[in-house]
Novice: 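Dropping the structure in here first, questions after.
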Amino acid sequence: MTADLDAARTGGTDRPRFWSPGTQILWRYRGNGTDAVHICRPVTVVRDGPELLAVWLAPHTPCVRPVMEDGTPVHQEPLATRYTRPRRRAVEEWFGAGVLKLARPGEPWSVWLFWDVDWHFRSWYVNLEEPLRRWSGGVDSEDHFLDVSVHPDRTWHWRDEDEFAQAQADGLMPAEVAVRVRQAGQRAVERVATWGTPFRDGWQEWRPDPAWPVPELPADWDRPADRPGAA
Ligand code: MG
């Protein structure tokens with residue numbers, strides 16, 4: 001066993017850190033520059049191992065997301081004040097089709113697959129973020145604003161460059177972090193150019209187990225992350 005895997009064992013016990021398919025965990029994001037969780041999505045584990053964590057965000061899942069103080073969705077708030085006006089956290093059902101999220105340990109992005117409600121595959125979405133930190137109840141990260149859309153014809157484009165710039169202007173992302181994020185984005189784009197994993201892996205054909213219930217949002221969804229690994 002490698003030191004890395006050894007260190008991944010939980011709490012000095014022999015419990016493996018990986019979650020079984022069907023386990024419900026929380027996929028969370030802390031607010032930028034804060035420890036407070038502002039996005040929490042209860043998801044079902046599809047696959048978990050040393051190479052990949054794959055989870056399913058089912059339609060109608062109750063999720064936590066930030067909204068402006070008056071309830072305005074964040075993306076409808078003008079960019080100039082989007083990151084400076086007060087926000088609160090709201091619980092809302094996940095709208096539309098579900099999302100498959102794929103993350104490789106240590107990688108500073110996760111790849112999300114979007115379908116229409118009739119399972120027509122739409123696109124991949126590369127969400128640049130801190131590498132996922134595992135804890136007993138799920139995984140935590142911090143979003144890095146900049147994203148990449150990847151289409152079935154293998155073309156791609158940057159997304160949310162305006163938010164990326166505004167977040168830097170508003171002091172939510174130091175310049176040196178922004179440089180790292182852009183470099184990570186470039187690496188992700190190179191992965192697209194070579195059609196590497198996960199794009200080549202056929203996940204578009206994947207479908208959720210119909211027996212999986214829609215996860216509930218636990219009352220303590222914003223509890224602090226504790227020991228790494230599976231509960
Ligand atoms: Mg993002």
Side-chain angles (χ1 to χ4, degrees), residues 25-43 52-57 61 63-68 72-85 87 89-90 92 94-115 122-134 138-151 155-192 198-199 203:
I25 64 170
L26 301 177
W27 183 289
R28 310 193 302 183
Y29 292 93
R30 296 180 303 279
N32 296 83
T34 145
D35 279 338
V37 173
H38 73 154
I39 291 175
C40 179
R41 297 170 179 157
V43 294
L52 181 73
L53 170 65
V55 304
W56 171 240
L57 173 54
T61 301
C63 294
V64 175
R65 67 165 181 164
V67 295
M68 308 312 292
T72 302
V74 168
H75 68 273
Q76 285 179 17
E77 176 72 13
L79 194 58
T81 48
R82 192 172 300 169
Y83 298 118
T84 51
R85 282 189 55 210
R87 296 179 173 194
R89 300 176 297 184
E92 293 172 11
W94 187 260
F95 178 79
V99 179
L100 178 66
K101 293 172 182 262
L102 309 172
R104 284 158 63 86
E107 212 157 54
W109 64 77
S110 56
V111 178
W112 306 352
L113 281 84
F114 290 115
W115 291 267
R122 256 196 289 166
S123 60
W124 293 268
Y125 183 96
V126 180
N127 194 63
L128 297 169
E129 62 194 24
E130 281 295 318
L132 296 182
R133 174 183 167 199
R134 302 172 66 101
V139 290
D140 282 6
S141 180
E142 189 172 311
D143 185 75
H144 283 159
F145 300 98
L146 188 64
D147 310 292
V148 184
S149 257
V150 182
H151 310 287
T155 58
W156 61 271
H157 64 267
W158 297 109
R159 289 184 65 126
D160 301 333
E161 291 196 276
D162 55 346
E163 293 192 341
F164 184 53
Q166 190 68 42
Q168 292 169 62
D170 290 336
L172 292 179
M173 178 175 284
E176 63 270 21
V177 176
V179 169
R180 276 200 291 117
V181 171
R182 181 65 80 169
Q183 289 170 344
Q186 293 290 356
R187 292 202 302 281
V189 164
E190 286 162 21
R191 185 80 57 79
V192 176
F199 308 104
W203 284 101

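Throughout, residue positions are numbered sequentially from 1 according to the sequence presented. All ligand and atom numbering here is 1-based and tracks the order in the structure. All values derive from a computational prediction rather than experimental measurement.
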Novice: So, are Arg182 and Glu161 salt-bridged, with charged N and O less than 4.0 Å apart?
Specialist: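 Yes.
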Novice: Please name the atom of Asp147, limited to N, O or S, that comes nearest to the Mg ion (ligand 1).
Specialist: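 Nearest N/O/S atom of Asp147: OD1.
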Novice: In terms of side-chain heavy atoms, does Asp143 have a donor or acceptor partner in Asn127 at a distance below 3.5 Å?
Specialist: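 A pair is found: one side chain offers a donor N or O, the other an acceptor, under 3.5 Å apart.
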Novice: Looking at Ser141 and Leu132, would you say the former's side chain and the latter's main chain have a donor-acceptor pair under 3.5 Å?
Specialist: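 Checked: no pair found.
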Novice: Is it true that the side chains of Asp170 and Gln166 contain a donor and an acceptor less than 3.5 Å apart?
Specialist: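 There is such a pair (donor and acceptor under 3.5 Å, judged by atom type) between the side chains of Asp170 and Gln166.
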Novice: Under 2.8 Å from the Mg ion (ligand 1), can any N, O or S atom of Asp160 be found?
Specialist: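 Coordinating: no.
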Novice: Give a yes/no answer: is there an N/O/S atom of Glu129 under 2.8 Å from the Mg ion (ligand 1)?
Specialist: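 Not a single backbone or side-chain N, O or S atom of Glu129 is under 2.8 Å from the Mg ion (ligand 1).
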Novice: What N/O/S atom of Asp143 gets nearest to the Mg ion (ligand 1)?
Specialist: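 For Asp143, the N/O/S atom sitting closest to the Mg ion (ligand 1) is OD1.
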